[in-house]
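Reading through the structure tokens given below for one structure.
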2 protein chains.
Amino acid sequence: MTKWVYSFGDGAAEGRADMRNLLGGKGANLAEMSNIGLPVPPGFTITTEVCTYYYANGESYPESLKSEVEAGLAKVEATVGATFGDASNPLLVSVRSGARVSMPGMMDTVLNLGLNDETTAGLARHSGDERFAYDSYRRFIQMYSDVVLGVEHHLFEEALEVVKEDKGAILDTELDAPDLQRLITDYKKIVEDELGRPFPEDPKEQLWGAIGAVFGSWQTARAVTYRRLHDIPEAWGTAVNVQAMVFGNMGDDCATGVAFTRDPSTGENIFYGEYLVNAQGEDVVAGIRTPQHLTIAGREKQGSDLPAMEETMPDVFRQLDEVRANLEAHYRDMQDIEFTVQKQKLWMLQTRAGKRTSQAAIKIACDMVEEGLIDEETAVMRVEPQSLDQILHPRLDPKAERKVIAKGLPASPGAAAGVVVFTADEAEKLAQEGHQVMLVRVETSPEDIHGMHAAQGILTTRGGMTSHAAVVARGMGRPCVAGAGEIRVDYKGGAFSIAGVTVKAGDWITIDGSTGEVIEGRVPTVDPELSGDFARVMGWADAARRLKVRANAETPEDVSTAAKFGAEGIGLCRTEHMFFEADRIVAMREMILASDEAGRRHALGRILPMQRADFVEIFKLMRGKPVTIRLLDPPLHEFLPREPAEFEEVARATGVPVERVEARAAALHETNPMLGHRGCRLLNSYPEICEMQARAIFEAATAVGEETGAPPLCEVMIPLVGIKKELDLLKAVVDKVAKAVEAETGTAPNYVVGTMIELPRAALTANHIAETAEFFSFGTNDLTQTTYGLSRDDASAFLTNYEKRGIVEQDPFQTLDQAGVGELIEIAVERGRGTRPDIKLGICGEHGGDPSSVGFCERVGLDYVSCSPFRVPIARLAAAQAAIRARKHAAEKATA
Amino acid sequence: MTKWVYSFGDGAAEGRADMRNLLGGKGANLAEMSNIGLPVPPGFTITTEVCTYYYANGESYPESLKSEVEAGLAKVEATVGATFGDASNPLLVSVRSGARVSMPGMMDTVLNLGLNDETTAGLARHSGDERFAYDSYRRFIQMYSDVVLGVEHHLFEEALEVVKEDKGAILDTELDAPDLQRLITDYKKIVEDELGRPFPEDPKEQLWGAIGAVFGSWQTARAVTYRRLHDIPEAWGTAVNVQAMVFGNMGDDCATGVAFTRDPSTGENIFYGEYLVNAQGEDVVAGIRTPQHLTIAGREKQGSDLPAMEETMPDVFRQLDEVRANLEAHYRDMQDIEFTVQKQKLWMLQTRAGKRTSQAAIKIACDMVEEGLIDEETAVMRVEPQSLDQILHPRLDPKAERKVIAKGLPASPGAAAGVVVFTADEAEKLAQEGHQVMLVRVETSPEDIHGMHAAQGILTTRGGMTSHAAVVARGMGRPCVAGAGEIRVDYKGGAFSIAGVTVKAGDWITIDGSTGEVIEGRVPTVDPELSGDFARVMGWADAARRLKVRANAETPEDVSTAAKFGAEGIGLCRTEHMFFEADRIVAMREMILASDEAGRRHALGRILPMQRADFVEIFKLMRGKPVTIRLLDPPLHEFLPREPAEFEEVARATGVPVERVEARAAALHETNPMLGHRGCRLLNSYPEICEMQARAIFEAATAVGEETGAPPLCEVMIPLVGIKKELDLLKAVVDKVAKAVEAETGTAPNYVVGTMIELPRAALTANHIAETAEFFSFGTNDLTQTTYGLSRDDASAFLTNYEKRGIVEQDPFQTLDQAGVGELIEIAVERGRGTRPDIKLGICGEHGGDPSSVGFCERVGLDYVSCSPFRVPIARLAAAQAAIRARKHAAEKATA
């Protein structure tokens with residue numbers, strides 16, 4: 001026969017922590033604490049299967065439920081030594097919902113259930129505190145009526161106000177027992193008026209009402225919507241927890257508190273917590289009274305005069321300290337606990353894994369490995385990859401004062417200060433003179449790259465988390481605050497203003513790219529401490545992971561950073577970034593303005609040695625590791641200035657009539673550049689560009705190979721392929737150049753040719769494309785743009801609103817959309833491998849550095865992820881966690 | 001034992017027409033003609049299986065092939081009464097390739113094979129024409145050396161020039177037999193010099209050389225590429241046809257000619273053809289001599305003095321006329337034939353289905369049904385749907401003279417003349433004054449709609465087949481020539497120029513939107529004759545098809561046209577087109593410029609009655625048929641002028657400060673508008689727009705229902721959904737308005753809510769979206785843009801080049817890309833029906849009117865296609881053909 005009710009408390013329980021599916025998270029946890037002998041107020045859990053039964057059987061209960069609940073209740077009564085509904089010494093209980101996962105929209109809590117006119121009098125007598133009893137009763141009526149009976153909350157608030165006004169009271173606490181008795185009468189009248197029947201006085205009726213309300217709340221609109229959004233099956237159902245009440249506010253021998261088993265801020269192995277004498281749980285949180293430290297050491301460290309629990313209740317403290325040791329030994333993790341002391345008796349109300357800073361996470365993980373509590377893989381799982389962002393960059397000195405004048409998006413982490421400049425050229429100039437500068441722009445474009453490099457940080461007033469400024473800044477490891485929309489930039493006046501504050505060029509500002517704050521003046525920063533613990537955790541991570549981690553980088557500086565952070569190759573070297581430098585852009589423009597192939601070849605001939613030199617440097621830095629080089633991707637108009645006023649200058653520099661510059665710019669104009677004449681489309685229009693780039697790559701590779709003896713592996717990547725033949729034609733060009741270089745130098749370059757998969761059509765026809773492509777690199781930025789039909793540059797107009805309204809759960813440009821974009825990747829992986837089983841597969845979009853997206857990459861079996869240099873450690877850790885999870889999952893499957 | 005060689009000729013054959021796979025197209029056809037007793041020069045076909053064997057066995061032949069070829073040759077010798085290689089009466093043969101389908105890159109033809117010094121002398125004696133014999137010999141050497149031996153063609157041309165120079169001759173025909181004999185010596189020397197061995201004199205060696213050359217040509221690079229592009233399996237192989245030569249140039253009792261069994265231009269059931277006495281096949285085609293008519297009636301009709309064959313060779317003509325009757329009775333279709341008369345003996349060299357105009361196709365189909373030759377479904381299959389475009393629009397009077405001054409893309413069919421205007425406003429003004437105008441623009445935008453409506457036709461100098469001008473013109477049925485890039489428009493000067501010609505505003509021009517021609521002056525046009533035959537064929541088509549056909553239309557004029565052409569509903573009513581009219585655009589702009597929801601609601605309140613009136617008109621015209629109304633789709637900036645100069649005017653009209661207009665325009669600017677804040681994204685930002693439109697629809701529907709007693713079925717379509725919740729939120733708004741209208745009027749509107757599937761993500765998550773959507777309409781324009789990552793507006797920069805180089809076979813915006821976009825549609829169909837089995841499925845992109853795309857829609861089981869009104873008949877016919885093909889396919893499968 002199915003068992004519907006599981007008891008816990010009194011040092012034992014019928015349930016366990018691993019029965020979460022049956023008992024819900026809360027119920028399983030309460031059972032576990034009981035089992036390990038901790039003092040948990042006794043109670044019982046009505047299983048989730050009752051919920052399922054309830055809805056499958058026209059909202060009725062299983063036959064034996066009633067008797068099982070009665071039995072559970074009798075056990076609690078026996079343990080507590082009080083009786084439910086007994087007028088002299090009444091047992092009071094709390095009733096709470098508890099699904100497998102925490103879920104908004106569900107009924108939360110009813111406290112003090114079991115009170116009525118009679119039992120309240122009994123409680124008053126038994127506790128010796130009349131006010132306490134009546135206050136508990138009136139709170140119970142209000143809570144029960146609201147949550148269970150559906151009477152509107154404000155009616156009770158109004159009645160309370162009337163009583164307070166009559167009395168001339170301001171605080172609730174000024175009301176005495178008679179006032180509260182009057183209020184109870186008023187409350188009951190409200191309920192009877194609203195519902196046409198009296199407030200239930202029978203504790204059993206109260207209990208079953210609350211149980212029904214929990215099950216009913218499983219189908220509220222909010223809960224249903226939440227489940228749909230989070231793919232929680234309706235069939236899971238919720239459990240109901242009924243637990244004896246304990247009170248921390250029955251006198252000075254009572255207390256309540258919260259604690260962490262280690263310092264959540266530093267990770268130090270010390271007991272860290274606070275308590276309040278004669279108080280309820282919410283009083284600690286509410287902050288009306290100043291909480292006291294648990295330990296003498298804690299009190300002394302903070303210079304507090306208030307006595308520690310170690311001093312005021314030494315016995316209870318010792319008990320609590322033992323609980324701390326027990327919990328850590330049992331859960332093998334730092335715990336966040338809640339407790340109540342009722343008349344010198346300690347009761348544990350909750351334990352859960354404690355939140356901690358990334359520094360603390362790393363230290364705790366390492367310490368626990370040394371203490372023998374956990375193994376190295378568990379340590380790896382204990383550090384949140386995303387949180388490494390906090391420690392890899394400089395941050396604001398926490399002790400320094402700061403005047404925040406604006407807030408934008410935390411687009412690239414780290415903090416920096418500099419004097420304001422408004423143009424990239426100015427940034428470069430001042431930086432060369434030795435100044436620290438902060439580049440402030442409405443938005444940035446590829447033309448600003450040199451200025452972004454020269455600056456300490458970047459602030460823009462337009463664009464989102466994936467705007468040009470944000471993407472490039474993250475790539476460079478420069479702090480960036482983007483889209484600070486309230487700032488008005490006046491380029492002409494050389495100043496920006498916000499809410500009355502005007503900041504001029506040359507003034508100092510500081511930005512915190514981790515929070516999005518813009519701060520007036522110069523705030524000191526603290527450099528990252530990549531301590532020994534950090535290196536140890538990363539070492540364990542590297543041992544655990546399967547996915548390789550590469551970096552997206554093209555400048556020598558970025559490539560060095562990538563190598564320093566452990567990149568195992570370059571996954572995306574964007575060659576166009578190399579074309580924007582001062583002398584190169586002129587040659588590039590000459591090529592664009594040339595009227596025939598000969599003219600283009602002439603200009604390309606000037607670019608060749610410069611591009612070759614770039615590759616030589618990158619290959620040397622990477623020491624034989626693979627380098628994926630993406631051939632020219634952006635449309636040509638990106639290399640011309642935007643403002644017609646600047647055409648004159650281009651005309652002068654290139655020696656072309658200004659009319660021709662204008663005409664060419666007009667001809668190159670595009671309505672939707674993202675979907676335009678770029679990538680392989682451009683290279684197929686002008687194969688001589690492909691030729692020049694292939695030559696630069698192969699000549700550089702050959703030279704470096706000769707010099708160092710370690711010839712690099714060149715992965716030549718053709719962007720934006722949607723049709724196999726686009727790739728075929730360009731691969732033929734690349735192969736021809738390779739043959740030519742081999743003939744000239746006597747050395748065959750070590751290379752493969754592959755493509756980005758960044759268009760839905762490429763993913764769908766991956767079986768064909770893989771006939772030619774030797775590797776795929778998923779360009780998830782563009783793949784997200786095309787799959788969603790969503791421009792990264794324009795999405796900010798509504799995407800924030802979409803996140804707020806829950807239309808999307810996460811920005812799909814930050815976290816891979818597994819349902820849409822992810823399915824296309826899975827299709828491409830399957831079809832690509834179907835054609836070419838050993839095809840190399842990687843990802844080089846922004847998502848390559850996003851932990852949950854890295855998990856996806858592990859699941860679909862990619863070979864590597866590639867991300868911006870500063871995210872390499874994050875990706876390494878995320879990859880390790882994904883691999884560990886996958887192994888666990890496989891092991892569980894094998895067992896089952 | 002496998003049979004490798006199949007003989008034909010002499011009134012019988014071993015093969016048949018349905019043995020195309022084994023004998024190739026040509027061989028099967030020659031066999032069939034022989035079987036039905038037509039006089040075919042005898043010969044034999046070496047099967048495609050020999051080709052397969054050849055490549056499977058290291059380029060060697062099956063053992064028994066030699067003897068089978070010898071036997072085949074012996075049969076030909078017996079039939080002809082001449083012997084291969086015989087010096088006195090030599091048999092000469094042609095050798096041709098013949099795969100299942102015609103394939104470029106394959107060896108074409110070697111004629112006169114069997115000639116050498118001895119047999120040529122014999123041919124001269126036997127034919128009594130020395131020059132004929134030596135000319136045949138030297139042509140044979142040249143052709144064989146080029147095609148079989150691979151000697152370069154130009155070497156022979158040069159030798160010929162030398163002989164002609166020496167002789168002082170200009171034409172080849174001036175050379176006499178001795179000259180030709182000298183040339184033969186020269187030719188042989190060339191071959192020996194080039195190859196190091198003499199030209200093969202042995203006819204058998206010649207024959208095996210030619211057979212080997214045919215099989216060898218199966219693997220030329222060009223043939224391999226063609227097969228890859230057209231998915232022709234390599235295993236198919238080619239056949240080789242060896243056939244006795246006949247000569248139409250052996251004297252005045254010889255002739256050669258071509259004919260159609262009916263008039264290919266009108267379809268009339270008359271014998272229609274030409275012949276030349278004493279001539280070879282190529283002479284008829286070359287046009288050096290004027291061909292003569294076959295029939296007296298034909299001669300008289302054309303007022304020709306040259307005698308008809310009916311007069312010069314009455315016996316042969318009677319024979320030929322019988323052949324004509326035989327062929328039509330046998331093939332049950334109009335045939336295109338080639339014949340040769342050698343010394344009064346008729347030989348049939350070819351028959352195939354004849355090409356015909358669309359008028360002729362319709363007439364022949366109807367006539368043949370009446371003659372009992374074919375059934376109605378076959379008649380439906382005989383008319384090329386695309387060709388209907390020729391007859392549904394006015395066309396240029398074929399007799400009128402025309403001076404073509406430029407050529408653009410044939411963007412919207414039909415011909416029209418008008419006086420040139422350069423702005424939409426001017427077009428409207430002059431049209432209202434009663435002028436016929438031609439709107440000439442660099443490109444058009446939604447602001448020009450009223451001018452496009454007022455004009456007879458539209459000419460643009462920029463944009464492709466799917467530019468705004470082209471799409472809108474096709475929708476309106478206005479002729480349009482788009483992207484005439486050589487034309488320079490000078491708006492300021494009020495003129496355009498091309499290659500020295502300047503056309504001023506007010507000058508007449510004519511355009512032919514079916515050919516892309518731009519013509520100076522006013523050319524008379526001929527109106528379409530939708531004769532009884534047209535209606536009959538369409539009736540049979542309607543009886544045969546399964547797919548419903550709807551139209552994309554929103555103006556009363558277009559909706560009327562759609563109804564006239566047989567549309568069974570409106571599949572896409574684009575509501576934004578309604579916002580561009582003069583008084584509405586002001587209210588629309590007020591809405592855009594409003595600073596809050598109240599302001600927007602106020603402006604929308606002014607639009608409501610106008611929009612409601614539009615819907616009333618459409619609903620009335622459609623008489624209860626379903627109407628799919630797409631809510632506002634384009635981004636808001638499309639409703640603001642492009643030129644900052646026009647902001648002043650907007651400011652005046654709306655009473656908003658010009659600074660605010662500028663600021664709003666700047667804020668609305670988008671980098672990639674196609675991927676921006678539009679469709680459901682916009683409607684979710686401003687649900688009040690959705691509310692207003694839903695109200696206009698439901699109020700109009702209720703009013704029309706009351707007035708006519710036939711309430712329309714409103715299909716409310718939410719555009720650009722990529723995430724289910726986008727649709728959920730807007731469906732809730734629509735449902736709320738429906739309830740409100742029901743409460744106000746007492747009538748519940750008859751409506752469903754659905755969505756466009758126009759983003760890859762929508763297709764992939766169609767199972768979720770179908771939980772809410774009651775119908776899907778595939779917006780294949782945008783789905784193609786996003787799947788390919790290709791902007792329709794910008795693609796012309798390279799798409800033409802892509803088509804030329806075979807990177808794409810067809811413009812994917814005209815013909816659905818089945819590999820990419822098509823798979824997404826199939827996925828969406830399957831997943832949509834999985835969730836909601838009765839979900840209504842249609843297509844409303846440009847592809848809805850493209851016959852091969854309609855075939856795809858039939859195959860994947862859509863419920864309807866929707867296209868521009870003028871394409872409705874095309875879609876009806878294409879749908880019928882697709883259904884007939886599907887039934888045949890199913891029947892064949894059932895049999896097999």
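Chain letters run A, B, ... following the sequence lines, proteins first and then strands; every chain starts at 1. Because only heavy atoms are used, hydrogens play no part in the values below, and waters and symmetry mates are left out as well, while side chains stay in.
- Among all heavy-atom pairs drawn from A/R761 and B/A819, the shortest one is NH2-CB, 3.7 Å.
- With hydrogens and angles ignored, the 3.5 Å screen pairs a side-chain donor or acceptor of B/N672 with a backbone N or O of A/M674.
- The two residues A/G789 and B/T786 make their nearest non-hydrogen contact at CA-CG2, 3.8 Å.
- Remark: the backbone N or O of A/I807 is not paired with any side-chain donor or acceptor of B/K724 at under 3.5 angstrom.
- The 12-atom threshold is not exceeded at CZ of A/R222, counting heavy atoms of other residues, nucleotides or ligands nearer than 6.0 Å.
- Interface remark: A/A797 contributes backbone and side-chain atoms alike to the contact with chain B (heavy atom separation under 4.5 Å).
- Rounding to the nearest 0.5 Å gives a distance of 6.0 Å between CG of B/L764 and CD1 of A/I827.
- Here the side chain of A/D793 pairs no donor or acceptor atom with the backbone of B/T671 at under 3.5 angstrom.
- One distance of note links CG of A/L675 with CG of B/D794; it measures 7.5 Å at 0.5 Å rounding.
- The candidate from A/G820, A/G679, A/A762, A/P760 with the greatest count of non-hydrogen atom pairs under 4.5 Å with chain B is A/P760.
- Contacts of B/H677 classified as ring pair (Phe, Tyr, Trp, His ring centres under 6.0 Å), with partners at least two apart in sequence or in another chain: A/F798.
- If you tally non-hydrogen atom pairs under 4.5 Å between each of A/L759, A/L824, A/L783 and chain B, the highest count goes to A/L759.
- Contacts of A/Q818 classified as side chain to side chain donor-acceptor pair (under 3.5 Å), with partners at least two apart in sequence or in another chain: none.
- Between A/I723 and B/V808 there is a side-chain heavy-atom pair separated by less than 4.5 Å.
- By the neighbour-count criterion of 12 heavy atoms within 6.0 Å, atom CD of B/E830 is sparsely surrounded, having that number or fewer from other residues, nucleotides or ligands.
- Salt bridge status for A/R831 with B/E823: present, with a side-chain N to carboxylate O gap under 4.0 Å.
- A donor-acceptor distance shorter than 3.5 angstrom exists from the side chain of B/R805 to the backbone of A/N684, with no hydrogens or angles considered.
- Counting heavy atoms of neighbouring residues, nucleotides and ligands inside a 6.0 Å radius, atom CZ of B/R462 does not exceed 12 of them.
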inquiry  = B/Y802 vs A/E726, test: side-chain contact (heavy atoms from CB on, under 4.5 Å). Steps then yes/no.
reply    = CA-CA 9 Å; B/Y802 266 35; A/E726 291 177 319; 2.7 Å; yes
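- For A/D782, no part lies under 4.5 angstrom from a heavy atom of chain B.
- With values rounded to the nearest 0.5 angstrom, B/L720 atom CG is found 12.5 Å from A/Y788 atom OH.
- Chain A forms more heavy-atom pairs under 4.5 Å with one residue of B/L729, B/T765, B/N801 than with any other, namely B/L729.
- Around the CD atom of A/E803, the shell of radius 6.0 Å holds more than 12 heavy atoms that belong to other residues, nucleotides or ligands.
- Contact annotation for A/L790: both backbone and side-chain heavy atoms come within less than 4.5 Å of a heavy atom of chain B.
- Proximity to chain B is absent for every atom of A/L682, based on heavy atoms less than 4.5 angstrom apart.
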